Asker: 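Got a structure for you, written out below as structure tokens; questions coming shortly.
Ligands are counted one by one from 1 in listed order, and the atoms in each one are counted from 1 as well. Basis for what follows: all heavy atoms, side chains included, without hydrogens, waters or symmetry-related copies. Everything numeric in this text was worked out from a predicted model, so none of it was measured.
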Amino acid sequence: MALVDHIGKTPLVRLERVTRGLVPPEVEIWAKLESFNPGGSVKDRAAWSIIQDAENSGRLRPGMLLLDSSSGNTGIAYGMIAAARGHRLVLCLPKNANRERKQLLAAYGVEVIETDPLEGSDGAIRQARALVRDYPERYLYLDQYSNPANWLAHYHGTATELWAQTQGRISHWVAGLGTTGTFVGTSRRLKELNPEIHCAAVQPDSPYHGLEGLKHLETAIIPAIYDPQLVDQHLAAPTEESILLLRRLAREEGILVGPSAAAALWGAIQVGQNLKQGVVVTLFPDGGERYLSEAHLWT
Ligand code: PMP
């Protein structure tokens, strides 16, 4: 099997200690650990789906460069897959992306264009759009925010896996919103499999947050793939409370994750605490190794 064939099929684990006393005993909380992907995050799924689509569509002509914007994980996933498939990649990245991200991108040989840190991921989107407008022959714009191949990766992959891993018992699905691909694709398929499944979307509670990878949609460019009709419940995660859960996950469950995973767990607990029983499933987008240089998270 090739490297890309090992994307997906990630483990689903039951959380017990970190949720004890916070949700009723008949409420199960499960988390899908996306750090088990070969590129270390959930974005391997979307990046492979998007690059495969570009390869198959015939739009990727010889000599063209793949181009996109990313706040980190998608860029790393693209970098790994571009190397594995023999493509060249240019990435627009906010200048304040953390050290581990920049090191990983350099290691995979990605050409990075740094964008205004004050404009965050939206600044990187604008830069990528400007480049493809000025040089349409040179760049193939992958556009993870508008590309259906992003959510389709979760429709075919993540949702199908969760259905099988819970033997169809999943009653509640909770996920953070970034490009919204994870939430949209998984929710769409789960609702087809069982229209009763309750889908809750987690966003940061303010535009200035520390939940890397998540978007505050009210104040951000809304991704074209976003479908608000799939959202049964919106949850606004506070950074500080999420970070406390990040530490507890590491110390009480042995699960090292990034801040957006902790926000997802915060959301799953909000959903779970109002139930008598249920199978609440969430997804942890990446692992904590990618954030070790951010000392405030861990101590
Ligand atoms: N968390 C992290 C750490 C991410 O990198 C991303 C992707 N931007 C997300 C959450 C959100 O996933 P999605 O883009 O599928 O909404």
Asker: Do the side chains of Arg88 and Glu111 get close enough for a salt bridge, i.e. N-O under 4.0 angstrom?
Answerer: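 So Arg88 pairs with Glu111 through a salt bridge.
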Asker: Apply ring-ring contact (aromatic ring centres under 6.0 Å, His included) to Tyr155 and list each qualifying residue two or more places apart in sequence or on a separate chain.
Answerer: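 Testing Tyr155 for ring-ring contact (aromatic ring centres under 6.0 Å, His included), a comparison that skips the adjacent residues, returns Trp151.
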Asker: Please enumerate all residues that pass ring-ring contact (aromatic ring centres under 6.0 Å, His included) together with His198, with sequence neighbours excluded.
Answerer: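 If we apply the ring-ring contact (aromatic ring centres under 6.0 Å, His included) test to His198, skipping adjacent residues, the hits are His172.
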Asker: Tell me, yes or no, whether the heavy-atom count around Lys95 atom NZ, taken from other residues, nucleotides or ligands under 6.0 Å, exceeds 12.
Answerer: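 Not more than 12 within 6.0 Å, no.
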Asker: Tell me the salt bridge (Lys or Arg N to Asp or Glu O under 4.0 Å) pairs involving residues 164-189, sequence neighbours left out?
Answerer: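 Salt bridge (Lys or Arg N to Asp or Glu O under 4.0 Å) check on residues 164-189 returns Glu28-Arg169, Arg188-Asp227, Arg189-Glu192.
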Asker: Is it true that atom OH of Tyr139 has more than 12 heavy atoms of other residues, nucleotides or ligands lying nearer than 6.0 Å?
Answerer: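 Atom OH in Tyr139 is crowded, with more than 12 foreign heavy atoms closer than 6.0 Å.
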Asker: Could you go through ligand 1 and list every pair where one of its N or O atoms sits under 3.5 Å from a protein N or O, giving the atom names and the distance to one decimal?
Answerer:
residue	atom	partner	partner atom	Å
ligand 1	1 (N)	Ser260	OG	2.6
ligand 1	5 (O)	Asn73	ND2	2.9
ligand 1	8 (N)	Gly213	O	3.4
ligand 1	14 (O)	Lys43	NZ	2.9
ligand 1	14 (O)	Thr179	N	2.8
ligand 1	14 (O)	Thr179	OG1	2.6
ligand 1	15 (O)	Thr182	N	2.9
ligand 1	15 (O)	Thr182	OG1	2.6
ligand 1	16 (O)	Gly178	N	2.8
ligand 1	16 (O)	Thr179	N	3.2
ligand 1	16 (O)	Thr180	N	2.8

